[in-house]
Student: 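This is the structure I have questions about; it appears just below.
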Amino acid sequence: MNTALLKITSNINIAPSVYRMTLEGDTSAITAPGQFVNIKLDGLYLRRPISVCDVDEDTLTLIYKVVGNGTELMSSYTEGKVLDTLMGLGNGYDTSLSGDKPLLIGGGVGVPPLYNLAKKLLSEGKTVSVILGFNTKSEIFLKNEFEKLGCKVLVTTADGSDGIKGFVTSAMDDVDYTYTYSCGPEPMLKAVYSASKTSGQFSFEERMGCGFGACMGCSCKTKYGNKRICRDGPVLVKEEIIW
């Protein structure tokens, strides 16, 4: 874990209540797809954890949804503002277990961390399929970006306004896969857990205090004892999860 001062280079609205923020600075502490950062915001005591969408040696991309005071404040920040950021938090996804045909499954703002994961898997020579789940057509984002990487992309919408009508599990039988990686709301993760035919890794969202394991505020029970989502997660393997 490192602290870095990152400067905003853009912060734009890409879907209803969803923003893409790009920052520049030292990103070397981020070592695996699925990790997150914890951002200090003006006038607020607790930092806000945000999953990493994409990263290179000096650029960081975050995609977040406005759901409360903190993210609403983030959406007001403009180019040039500097953010105090805890970097490289969490354990991230392990790509060594993916097999040849991994399936990535994201719901809503659970989609962004799968983008950097897809890039890594493709660089390893894997054939990557992606299922993106949204409520309606207007909420869809990153579909084109995944396709440009070379992924096979299926979209599901709850109201049937685009792609397959239903939830992400409605598309899983249409894909031949060796392993799953998923991120999204807990009901979605639970449904993927039940529907998947293979092992997989699941990225969980929890309310966090410190973001690096000191406060124990995000602990959850697993088959191997209590784990802190911020430090031992956010990624857990299928075989250790207790619902």
Side-chain angles (χ1 to χ4, degrees), residues 15 32-36 51-55 61 63 90-137 139-158 160 162-205 222-223 229 233-243:
Q35 290 184 306
F36 65 96
S51 296
V52 172
C53 175
D54 198 13
V55 64
T61 301
I63 292 180
N91 62 349
Y93 292 107
D94 181 354
T95 61
S96 69
L97 303 173
S98 71
D100 294 332
K101 295 176 287 187
L103 171 60
L104 283 51
I105 306 167
V109 286
V111 169
L114 300 180
Y115 182 76
N116 193 36
L117 173 62
K119 288 177 66 176
K120 187 171 193 319
L121 289 165
L122 289 165
S123 73
E124 295 172 351
K126 313 296 174 58
T127 300
V128 179
S129 299
V130 183
I131 299 174
L132 308 177
F134 301 93
N135 289 316
T136 190
K137 183 177 181 178
E139 297 180 359
I140 296 172
F141 61 88
L142 287 186
K143 175 179 181 288
N144 293 338
E145 288 83 349
F146 277 107
E147 289 177 337
K148 287 178 181 177
L149 289 179
C151 302
K152 175 186 177 181
V153 180
L154 297 175
V155 170
T156 67
T157 52
D162 194 277
I164 299 168
K165 183 176 182 179
F167 303 108
V168 292
T169 50
S170 304
M172 290 179 67
D173 286 341
D174 297 332
V175 183
D176 180 24
Y177 59 92
T178 54
Y179 198 79
T180 64
Y181 296 92
S182 55
C183 185
E186 189 167 307
M188 187 209 86
L189 297 181
K190 189 172 183 178
V192 170
Y193 178 99
S194 298
S196 61
K197 303 170 184 176
T198 68
S199 183
Q201 295 170 38
F202 298 73
S203 182
F204 285 82
E205 300 172 351
T222 76
K223 293 178 181 177
I229 290 299
V235 177
L236 302 178
V237 296
K238 183 178 183 180
E239 289 75 18
E240 67 181 316
I241 296 170
I242 298 175
W243 297 108

Student: Quick check for you: to the nearest 0.5 Å, what is the distance between N135 atom CG and T156 atom OG1?
Tutor: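 It comes to 9.5 Å.
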Student: Within this structure, what is the SG-CG distance for the pair C183 and L189, rounded to the nearest 0.5 Å?
Tutor: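 The distance works out to 7.0 Å.
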Student: Grab the two heavy atoms, one from S199 and one from K238, that are nearest each other, plus how far apart they are.
Tutor: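 Heavy atoms only, the tightest pair is CA-CD, 4.1 Å.
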Student: Which of parallel (below 30°), tilted (30 to 60°) and perpendicular (above 60°) describes W243 and F202?
Tutor: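 Rings of W243 and F202: perpendicular, as their planes differ by over 60°.
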Student: Is a salt bridge present between K197 and D173, judged by a nitrogen-to-oxygen distance below 4.0 Å?
Tutor: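 A salt bridge links K197 with D173.
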Student: What are the two closest heavy atoms between V237 and Q201, and how far apart are they?
Tutor: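 Closest approach of V237 to Q201, heavy atoms only: CG1-CG, 4.0 Å.
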Student: Restricting to non-hydrogen atoms, name the atom on S98 and the atom on Y179 that form the minimum distance, rounded to 0.1 Å.
Tutor: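 Closest approach of S98 to Y179: O-CB, 3.1 Å.
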Student: Taking L149 as the fixed residue, which of L121, V130, L122, V128 is the one that meets the side-chain contact (heavy atoms from CB on, under 4.5 Å) rule?
Tutor: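 Of the listed options, the one satisfying the test is L122.
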Student: Kindly write out the residues that satisfy side chain to side chain contact (heavy atoms under 4.5 Å, CB included) with D174, not counting sequence neighbours, or none if the list is empty.
Tutor: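 Counting only residues at least two positions away or on another chain, D174 forms a side chain to side chain contact (heavy atoms under 4.5 Å, CB included) with L154, I164.
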Student: Closest approach of M188 and S182, non-hydrogen atoms and distance?
Tutor: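 Smallest heavy-atom distance, with atoms named: CE-CB, 4.3 Å.
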Student: Could you tell me the separation between the CG atom of D54 and the CD1 atom of I63, rounded to the nearest 0.5 Å?
Tutor: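 With rounding to 0.5 Å, CG (D54) is 9.0 Å from CD1 (I63).
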Student: Mind checking the SG-CD1 spacing from C151 to I131? Nearest 0.5 Å is all I need.
Tutor: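 One finds 12.5 Å between SG of C151 and CD1 of I131.
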Student: What's the spacing between L117 CG and L104 CG if we round to 0.5 Å?
Tutor: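 So the gap between those two atoms works out to 4.5 Å.
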Student: If you apply the rule side-chain contact (heavy atoms from CB on, under 4.5 Å), what do you find for T136 with T157, and how did you get there?
Tutor: CA-CA 5 Å; T136 190; T157 52; 5.6 Å; no
Student: State, to 0.1 Å, how close S203 and Y93 come at their nearest heavy-atom pair, and which atoms those are.
Tutor: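 Scanning both residues completely, I find the closest heavy atoms to be CB-OH, 3.2 Å.
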Student: Determine whether Y115 and T61 make a side-chain contact, defined as any pair of heavy atoms from C-beta on separated by less than 4.5 Å.
Tutor: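 Heavy-atom side-chain distance check fails, nothing below 4.5 Å.
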Student: Could you pull out the closest heavy-atom pair between F141 and V109, with the gap in Å?
Tutor: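 Scanning both residues, the minimum pair turns out to be CZ-CA, 4.3 Å.
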Student: Tabulate below the donor-acceptor pairs under 3.5 Å that side-chain atoms of residues 165-172 make, not counting sequence neighbours, or state none.
Tutor:
| from | atom 1 | to | atom 2 | distance (Å) |
| --- | --- | --- | --- | --- |
| S170 | OG | F167 | N | 3.2 |
| S170 | OG | F167 | O | 3.1 |

Student: For a side-chain contact (heavy atoms from CB on, under 4.5 Å) check, start with the C-alpha distance between V235 and Y181, then their side-chain angles and the critical distance, and finish with the verdict.
Tutor: CA-CA 9 Å; V235 177; Y181 296 92; over 6 Å; no
Student: Hey, is K143 close enough to E147 for a salt bridge, meaning N to O under 4.0 Å?
Tutor: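 Salt bridge between K143 and E147, a charged N being under 4.0 Å from a carboxylate O: yes.
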Student: How far apart are the C-alpha atoms of F134 and D162, what are their side-chain angles, what is the distance that settles it, and do they pass the side-chain contact (heavy atoms from CB on, under 4.5 Å) test?
Tutor: CA-CA 9 Å; F134 301 93; D162 194 277; over 6 Å; no
Student: Should F36 and P234 count as side-chain neighbours, where that means a heavy-atom distance under 4.5 Å?
Tutor: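 Counting from C-beta outward, F36 and P234 do come under 4.5 Å.
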Student: side-chain contact (heavy atoms from CB on, under 4.5 Å) for T198 and T178? Distances and angles first, verdict last.
Tutor: CA-CA 7 Å; T198 68; T178 54; 5.7 Å; no
Student: What distance do L142 atom CG and L132 atom CG have between them, rounded to the nearest 0.5 Å?
Tutor: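 Those atoms lie 7.5 Å apart.
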Student: Under the side chain to side chain contact (heavy atoms under 4.5 Å, CB included) rule, collect the residues that match up with T127, sequence neighbours excluded.
Tutor: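 Side chain to side chain contact (heavy atoms under 4.5 Å, CB included) list for T127, sorted by chain: K101.
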